[in-house]
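This report refers to the structure that appears directly beneath it.
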Amino acid sequence: MPIIVERRGAQVALVEVRDDGAAQGNETLLTEAELPRVMRELEAEHPRWVFSDTTQWYPALLQAGVRLERCHDLRLVEGILAGVEGRPARAELRPRTRPALGETLFDVDSETDAAPGPPASLTYREQQAAIAARPRARSLSLLAAAESAGALAAAEMTHVGLPWSAEDHDALLTAALGPRPPAGARPARLTELAAEVSRRLGGAAVPLDSPTELLRALRGAGIDVSSTRQSELQRVVHPAIAPLLEYKSLARLWSANGWNWLDEWVHDGRFRPVFVPAGASSGRWASDGGGALQLPRQVRGAVRADDGWTLVVADAAQLEPRILAALSGDVAMAHAGAGVDLYAGMVESGVVASREHAKLGMLGAMYGGTTGESARVLPKLARSFPDAIAFVEAAARTGERGGAVTTHLGRTSPAPNEAWSERQSQAHSGGASGAAVAAARTDARTWGRFTRNFVVQGTAAEWALAWLAGVRRRLWSSERGPLSRQPHLAFFLHDELVVHAPHSHAAEVEAALREAAAEAGRIVFGHTAVTFPITVAVVQRYNEAK
DNA sequence: TCACCATGCGCC
DNA sequence: CGGCGCATGGTGA
């Protein structure tokens, strides 16, 4: 039973509708203050709450102690449907972009800057009809549900936060950089390293934070490099390189996750990342602020379970190649993945010489790599796993022609922009210069790599959503008190989940993670020979996993 | 001075 | 070689 949550002036309407969105007549008008209590009571009937935008409603409800089981997020589903239908998303349902500086001065109420649009109940009915009209309606409706469950999980993870020890973080920074310097000053260790680098480059002070000046200094010291990139410096033999690389690593730690980051993002023992479901066109999540999806391993030691609690860290093993095996129905690849390590399985079946080769080759196949070791391994993979390789090749060809590809549940890739299409037609119209033809071909290949990767990355994101939703459902019990006082999701990173739970629940959480992973394979692919094993570690600190 | 771009690097 | 976010320095208006 869907219930639409809709703003009506200063009040909120709860509108019960049928599954297809048709009106049923049952409607309740409430004040904002009454909403949490009423929704909590109605939750006993397990409705599907329909929100124009979960991020606009759910945080306040969580704050008021209301945890919801299911929802339908009109904004996220509009994104999926617009992609499928090859049109822009309706303006009132587009993600709100952050107002530019100054804009807020003239636009006091930035939440209402988009046209209000039709009522949510109408939009819901239209979306249900649009889904039902598609050839793969069942998959799309599954995707809509999974995406919406993700929106709930994202808000909940922000609400409860990732347990973070500011004390441990400070200790870790102090050990690496020296004590916290006064504002505006550089940590002692960085100053030492900078002096050492300058000394070994000949004596003059070199501003290491300026790539331009650093490059000039390196070349002046006879070091033949074309950039100051870590990967290039690593290949150089020179006494200045070691302290320089250490400087770069520590300078990054300091600027990206140093004391300033700690002050800004960690409060009351929690880091509260803002997750952005479907922030990438493939459906992968992005994040907003704090660099939540890029937490360097260097600082993961500060992620520490509360006393008496534990972190259960789970990781889907070689998710993307397994996804490709399932997508393409490649029986040989499914067989190689029968164990916990798919790459090891490829070595055992004699396809490649080493695990490293297997990994490199598969990544190259999925990303469109054409150089180095990965390209050398590709022919072997193509012989042993013809269906898998043909699948990504077909996706690449479609993209090169400007076509759209879809994930297994039906998320559709965006069209290339107009400039791209214009360059392609120019190049094919005859009379184009050789340079224009070559540039167009490069463009085409670039878009082909995108669509090649889209099908795998996007379907992996669908598997991960199904997993996340399944874990979330299994962990929650309405009888165990508030979300933060019972086992709960604390972090999500594409193919990895962190659950924060009392010690005594660790085994139960591990079982939930494994059951949900198996279920996710069935939800996304139905029957498939491909397995989706996960690794699970029960730890006090995040860095102790893996 | 501000907006924007390029570089470089963190994560998957 | 696919997808992101963020800090920094440098540029041009």
Side-chain angles (χ1 to χ4, degrees), chain A residues 98 100-103 186 207-216 225-234 244-245 247-258 260-261 264-265 273-300 315-321 323-324 359-378 392 395-396 399 405 407 411 413-414 442 445-461 463-464 491-497 542-543 546:
Chain A
R98 208 178 275 154
L101 275 178
E103 200 174 323
R186 197 158 58 164
L208 301 188
D209 298 321
S210 162
T212 320
E213 304 229 30
L214 175 57
L215 184 61
R216 193 188 351 236
V225 284
S226 60
S227 77
T228 64
R229 215 169 292 134
Q230 199 178 53
S231 57
E232 197 176 347
L233 294 177
Q234 273 163 353
L244 175 54
L245 289 174
Y247 176 91
K248 278 172 153 277
S249 166
L250 291 178
R252 174 152 184 107
L253 170 66
W254 179 51
S255 77
N257 296 97
N260 291 342
W261 181 93
E264 185 174 356
W265 294 105
V274 175
F275 294 98
V276 184
S281 64
S282 63
R284 259 198 184 180
W285 288 16
S287 65
D288 187 4
L293 302 187
Q294 310 140 253
L295 282 186
R297 288 173 184 277
Q298 275 171 309
V299 302
R300 292 190 185 181
D315 177 287
Q318 310 93 40
L319 180 58
E320 292 199 345
I323 290 291
L324 174 56
K359 186 173 177 177
L360 236 55
M362 282 312 302
L363 291 178
M366 293 182 298
Y367 293 162
T370 53
T371 58
E373 200 61 52
S374 120
R376 272 197 286 284
V377 184
L378 191 58
V392 283
V405 295
T407 60
R411 197 188 305 266
S413 66
T442 302
R445 297 233 164 99
T446 299
W447 199 255
R449 284 193 299 276
F450 168 63
T451 52
R452 170 197 293 267
N453 187 247
F454 183 96
V455 293
V456 178
Q457 185 185 112
T459 305
W463 182 92
F491 198 59
F492 173 59
L493 192 54
H494 308 310
D495 61 356
E496 191 173 331
L497 277 175
Y542 192 9
N543 67 329
K546 196 166 63 167

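Chain A is the first sequence line, chain B the second, and so forth, proteins listed ahead of strands; every chain is numbered from 1.
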Once side chain to side chain contact (heavy atoms under 4.5 Å, CB included) is applied, do any residues pair with [X], and if so which ones, sequence neighbours excluded?
X	value
A/A278	A/L76, A/E147, A/R411
A/E264	none
A/P211	A/T228
A/R376	A/E373

Item to complete: Over all heavy atoms of both residues, which pair between A/V299 and A/N257 is shortest? Give the atoms and the distance, please.
Response: CG1-CB, 3.9 Å
Below 3.5 Å, can you tabulate the donor-acceptor pairs from side chains in residues 360-372 of chain A to any protein atom, sequence neighbours excluded?
none

Rounded to whole Å, how long is the line connecting atom [atom1] of [X] with atom [atom2] of [N]?
X	N	atom1	atom2	value
A/F492	C/dC4	CZ	C1'	13 Å
A/I323	C/dG2	CD1	C1'	15 Å
A/L214	B/dC9	CG	P	10 Å
A/L233	B/dG8	CG	C1'	11 Å
A/R229	B/dA6	CZ	P	14 Å
A/L245	B/dC9	CG	P	9 Å

Item to complete: Scan A/G372 against the nucleic acid and name what it touches under 4.0 Å (heavy atoms): base, sugar-phosphate only, or nothing.
Response: nothing
Item to complete: Tell me what A/G364 touches on the nucleic acid: a base, only sugar-phosphate, or nothing, going by heavy atoms under 4.0 Å.
Response: base
Fill in: By side chain to side chain donor-acceptor pair (under 3.5 Å) - contacts of A/T212 (at least two apart)
none
Item to complete: Would you indicate whether A/R445, at its atom CZ, is surrounded by more than 12 heavy atoms from other residues, nucleotides or ligands within a distance under 6.0 Å?
Response: no
All N/O pairs under 3.5 Å across the protein-nucleotides 10-12 of chain B interface:
from	atom 1	to	atom 2	distance (Å)
B/dG10	OP2	A/Q230	OE1	3.4
B/dG10	O4'	A/R252	NE	3.1
B/dG10	O4'	A/R252	NH2	3.4
B/dG10	N2	A/Q294	NE2	2.9
B/dG10	N3	A/Q294	NE2	3.3
B/dC11	OP1	A/R297	N	3.2
B/dC11	O3'	A/R300	NH2	3.1
B/dC12	OP1	A/R297	NH2	3.0
B/dC12	O3'	A/D495	OD1	2.6
B/dC12	O3'	A/D495	OD2	3.0
B/dC12	O2	A/R284	NH1	2.8
B/dC12	O2	A/R284	NH2	2.9

Discussion item. Please confirm whether the shortest side-chain N or O distance from A/R449 to OP1 or OP2 of C/dC1 is below 4.0 Å.
Written reply: no
Discussion item. Could you work out, with salt bridge (Lys or Arg N to Asp or Glu O under 4.0 Å) as the rule, every residue matching A/E320, not counting sequence neighbours?
Written reply: A/R284
Worksheet, complete the sentence: With sequence neighbours left out, the residues meeting salt bridge (Lys or Arg N to Asp or Glu O under 4.0 Å) with A/D315 are A/K546
Response to the item:
Quick tally for nucleotides 8-13 of chain C: nucleotides whose base has a protein heavy atom under 4.0 Å get B, sugar-phosphate-only ones S, the rest -, giving SSS---
Worksheet entry | Partner residues of A/F450 under the ring-ring contact (aromatic ring centres under 6.0 Å, His included) criterion, sequence neighbours left out | A/W447, A/F454
Worksheet item: Bend across the helix from B/dT1-C/dA13 to B/dC12-C/dG2, to 10°, with axes taken over 5 pairs at each end?
Response: 10°
